[in-house]
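Here is the structure we will look at.
Just so it is clear, the structure is predicted and the values come from calculations on it, not from any experiment. Reminder, nothing fancy here: chain letters follow the sequence lines and each chain counts from 1.
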Amino acid sequence: MATPMLRWCCPGRRWIFAGIGGGSRHGRGVPTGSTSSGKKGQSSVAQQPLITAQKPRKGEREWAAVVGLEIHAQIASNSKLFSGSQVDFAAPPNSLVSFFDASLPGTLPVLNRRCVEAAVMTGLALDCHINRKSLFDRKHYFYADLPAGYQITQQRLPIAVNGSLAYSVCVGKRWSQMVTRTVGVKQIQLEQDSGKSLHDNLRSQTLIDLNRAGVGLLEVVLEPDMSCGEEAAAAVRELQLILQALGTSQANMAEGQLRVDANISVHHPGEPLGVRTEVKNLNSARFLAKAIDYEIQRQISELENGGKILNETRSFDYKLGCTVPMRDKEGKQDYRFMPEPNLPPLLLYDSGSLPTGADPQQVIDIDQLRERLPELPRVTREKLVRQYGMLPEHSFALLNEVGLLEFFQNVIKETRAEPKKVTSWVLNTFLGFLKQQNLAVSESPVTPSALAELLDLLDRKAISSSAAKQVFEELWRSKGKTPAQMVAEKKLELMQDAEALEQLCRSMLEAHPQVVTDVKKGNPRAINKLIGLVRRATLGRADPTVIKEVLERQLSS
Amino acid sequence: MWARAVWLGLRASAGGRRGFPSKAAHQGSRRVTAELIEHLERLALVDFGSQEAVARLEKAIAFADRLRAVDTDGVEPMESVLEDRCLYLRSDNVVEGNCAEELLQNSHRVVEEYFVAPPGPASCLMEEVLGTENMREEATSFIYVKSHQDLGSLLHQSLLLNPEGPQNHKF
């Protein structure tokens, strides 16, 4: 695969085409509509924050990329959006389907309260304006897994608009150089999911499972404020954490609970926006950034070679690592939006406007939901930094792994060691072992109490840090023994007898006069040999730093 | 109802897709172009058949145009006859489902508890669409629908509330 040679200044800011690339790839095609409903305008000149780290070479013009995202998150609810059938990932085909989901005549949609609450909570968490009145529409298109021939969505007046999502990206090589960026949230809307189509190649037929048809989705539309794959991936990751913290969605990309479509275009800064393409089938966190970056490169090389970008839909081929067009049969898709005639407007209230005497089950109070909002990841991280003095990137790492924060907090509760030590042990040693053996925190053989005890021993200077690492390894491998027991068994305790240590050091100095003269002549590193000898003599039970201190003191006297 | 959907579809495709203008922008000439017919055929999945049908369609549109005689300046469009009703909120409990057998009986072809998508041009297109499992894109399929009468007269009859109108049609 020949990707165009590309040099870009700093992650995501500006793009400079610095080589000749291969032409765009045309894989097998598929008929499809090219654009989604007309949510994005194309007329405005981009307002990109233009920060460059490198100056463009003479004759080259800079490129800026514009990336907008449409994220579909499956709502974590017991039943579906408009029917009472169950929401479950793995169940026998067509067993979780009601008459409404199968679109049998005479059935009507009945809105699920929990889905509305999920949408409002997500809107509040993303600082959106919640529309007190929102409407449902039908979006028509034909596909075998959409039995009704239309999807009920909220195109005209969605439930939440105009919010923002703050996320952090690394600029520069080190993980520690993080900056916070925000992307606008254009709107959040409730819509139905479709069923699943399985293709049976052998018999050339398509099998339809409607278990997923009708499940509630939150569509979060992000403004095109992002400029590269890394920013997009970071924004999606943060949204994932927020949804998981709120409990509104499990947002697991592998299980299809979170799906992302990207709208990508490139242009020269200062000029109008370019033609955009939509990239679908971005269902893996790992490949999200890659796919977007590939598409940006492809568009730049195409334009640099004098070609044109078609307003089309593409999909990402994981094996080839590139985007391929879906055959564009007739240009724009016309969804024939119309109001959903079976659903009145959705009205939401706040504490000031609650109708008196209303059935609480039938009324949604936005203020009440706001009070019950769980702590957002951003706030949790800020608290960690404030309370424990850790670096921001550590707080990110703690929240990035399921269950790690809880583990950390349990250790902190039970140990007297300094938070910084705990942070370091949890993020480096503990997490390192987990990753090595590909385990989740819940599967860890070391409990928070065990680690806490170990850190206490270290804190009391009962053992050295190298001994502590040994004990940790032992704890990982075998269960049933406490750290204290292990230390006793392996005789890893630090030598506590200062007098004996002094004696040992003095005798060592006397035994090696040559080394003594070396050190006195001005070669401080010669002392390391002595330290090593003393350590061996103490069977590794003396702290090297203490040994060094004693020797140096004795040498200078 | 169906005729109204087509009418709105026409207005939408001509006048943009954001909401529905309360006052119709000028619709252009009454001639229905070949392009528009093709577009409608694809969207609505019906077969226009003949020139006669197109002519009848034009007459039907002209008939419906009489709606414009009503002055709707300053009037908010009604979204639904239910607009002043309360939207009922259902509790999040599982009360339906588990009727796979019953549902599958409706299908012409079934494989092991899956519905089999109908044959014809649609499934050929869908074969190409469905590269990997769970991948889905929106496609326009060309399912040929057998109707007893062509589209134009169908519209004409519905609009005139012809009692012999299109009750037998299944789409």
Side-chain angles (χ1 to χ4, degrees), chain A residues 28-33 37-38 77-79 83-86 92-98 102 110-114 116 135 141-145 156 194 196-199 204-209 256 280-281 313 315 326-327 329-330 333-334 336-339 341 343-347 361-362, chain B residues 1 5 8-9 12-13 16-20 39 42-43 45 79-100 103-104 106 109 111-119 122-123 125-141 143:
Chain A
R28 64 178 170 70
V30 146
T32 183
S37 64
S77 60
N78 299 326
S79 57
S83 70
S85 37
Q86 193 185 0
N94 293 308
S95 60
L96 306 177
V97 184
S98 68
V110 185
L111 184 56
N112 180 340
R113 186 199 164 88
R114 157 74 184 147
V116 181
L135 306 166
Y141 60 92
F142 292 102
Y143 204 73
D145 62 19
R156 279 171 300 150
S194 63
K196 277 209 191 125
S197 329
L198 302 174
H199 192 56
S204 295
Q205 57 190 10
T206 309
L207 306 178
I208 307 293
D209 173 12
K280 289 180 108 90
N281 194 26
T313 307
S315 101
M326 298 174 173
R327 185 172 49 164
K329 205 145 174 154
E330 22 96 43
Q333 179 80 298
D334 184 349
R336 294 172 292 152
F337 284 97
M338 66 175 255
L343 292 171
L346 172 62
L347 298 173
Q361 164 62 15
Q362 288 304 313
Chain B
M1 168 62 197
L8 285 165
S13 59
R17 266 177 279 126
R18 238 182 231 297
F20 310 106
H39 189 63
R42 264 199 298 267
L43 293 179
L45 297 192
E79 289 126 12
S80 152
V81 292
L82 305 170
E83 65 184 4
D84 52 1
R85 294 266 208 114
C86 264
L87 177 54
Y88 178 77
L89 295 171
R90 181 177 53 85
S91 309
D92 188 25
N93 300 317
V94 176
V95 295
E96 295 177 282
N98 266 314
C99 49
L103 291 173
L104 289 167
N106 280 327
R109 276 173 65 201
V111 166
E112 267 184 41
E113 293 183 328
Y114 288 94
F115 293 100
V116 179
S123 58
L125 292 173
M126 285 194 280
E127 274 172 37
E128 301 191 60
V129 163
L130 304 163
T132 54
E133 213 188 71
N134 304 335
M135 185 169 99
R136 80 181 294 281
E137 302 79 36
E138 287 139 32
T140 304
S141 2
I143 302 172

Open item on the list: side-chain contact (heavy atoms from CB on, under 4.5 Å) for B:Val116 and A:Ile208? Distances and angles first, verdict last.
Closed with: CA-CA 6 Å; B:Val116 179; A:Ile208 307 293; over 6 Å; no
TODO: Sort out for me which of A:Ala102, A:Gly256, A:Ser77 touches chain B most, counting heavy-atom pairs under 4.5 Å.
DONE: A:Ser77
TODO: Apply side-chain contact (heavy atoms from CB on, under 4.5 Å) to the pair A:Leu111 and B:Arg90, showing each step before the final yes or no.
DONE: CA-CA 6 Å; A:Leu111 184 56; B:Arg90 181 177 53 85; over 6 Å; no
TODO: Could you tell me which portion of B:Asp84 (side chain, backbone, both or neither) has an atom closer than 4.5 angstrom to a non-hydrogen atom of chain A?
DONE: neither
- [ ] Using non-hydrogen atoms and a 4.5 Å limit, figure out which bit of B:Asn98 sits close to chain A: side chain, backbone, both or neither.
- [x] both
Task: Atom pair CG/CZ of A:Leu343 and B:Arg85 - distance to nearest 0.5 Å - done: 12.0 Å
- [ ] Check whether A:Leu347 gets within reach of chain B through its side chain, its backbone, both or neither, counting any heavy atom under 4.5 Å.
- [x] neither
Task: Largest heavy-atom contact set with chain B, pairs under 4.5 Å, which of A:Leu96, A:Leu135, A:Val110 - done: A:Val110
Open item on the list: Contact between A:Val116 and B:Leu89 at the side-chain level, heavy atoms closer than 4.5 Å - yes or no?
Closed with: yes
Task: Minimum-distance pair of heavy atoms, taken over all atoms of A:Asp334 and B:His39 - done: OD2-NE2, 3.4 Å
Open item on the list: With a 4.5 Å cut-off on side-chain heavy atoms, are A:Gln362 and B:Cys86 touching?
Closed with: no
Task: Side chain A:Asn78, main chain B:Val94, donor-acceptor under 3.5 Å - done: no
Task: Contacts of type side chain to side chain contact (heavy atoms under 4.5 Å, CB included), residue A:Pro93, not counting sequence neighbours - done: A:Asp209, B:Glu113, B:Tyr114
Task: Distance-minimising heavy-atom pair for B:Leu103 and A:Ser98 - done: CD1-O, 4.4 Å
- [ ] Find out whether A:Asn94 and B:Leu104 are in side-chain contact, i.e. whether some heavy atom of one side chain is under 4.5 Å from a heavy atom of the other.
- [x] yes
Task: CD on A:Gln86 to CD on B:Glu96, rounded to 0.5 Å - done: 12.5 Å
TODO: List for me each residue that meets salt bridge (Lys or Arg N to Asp or Glu O under 4.0 Å) alongside A:Arg113, sequence neighbours excluded, and say none if there are none.
DONE: A:Glu117
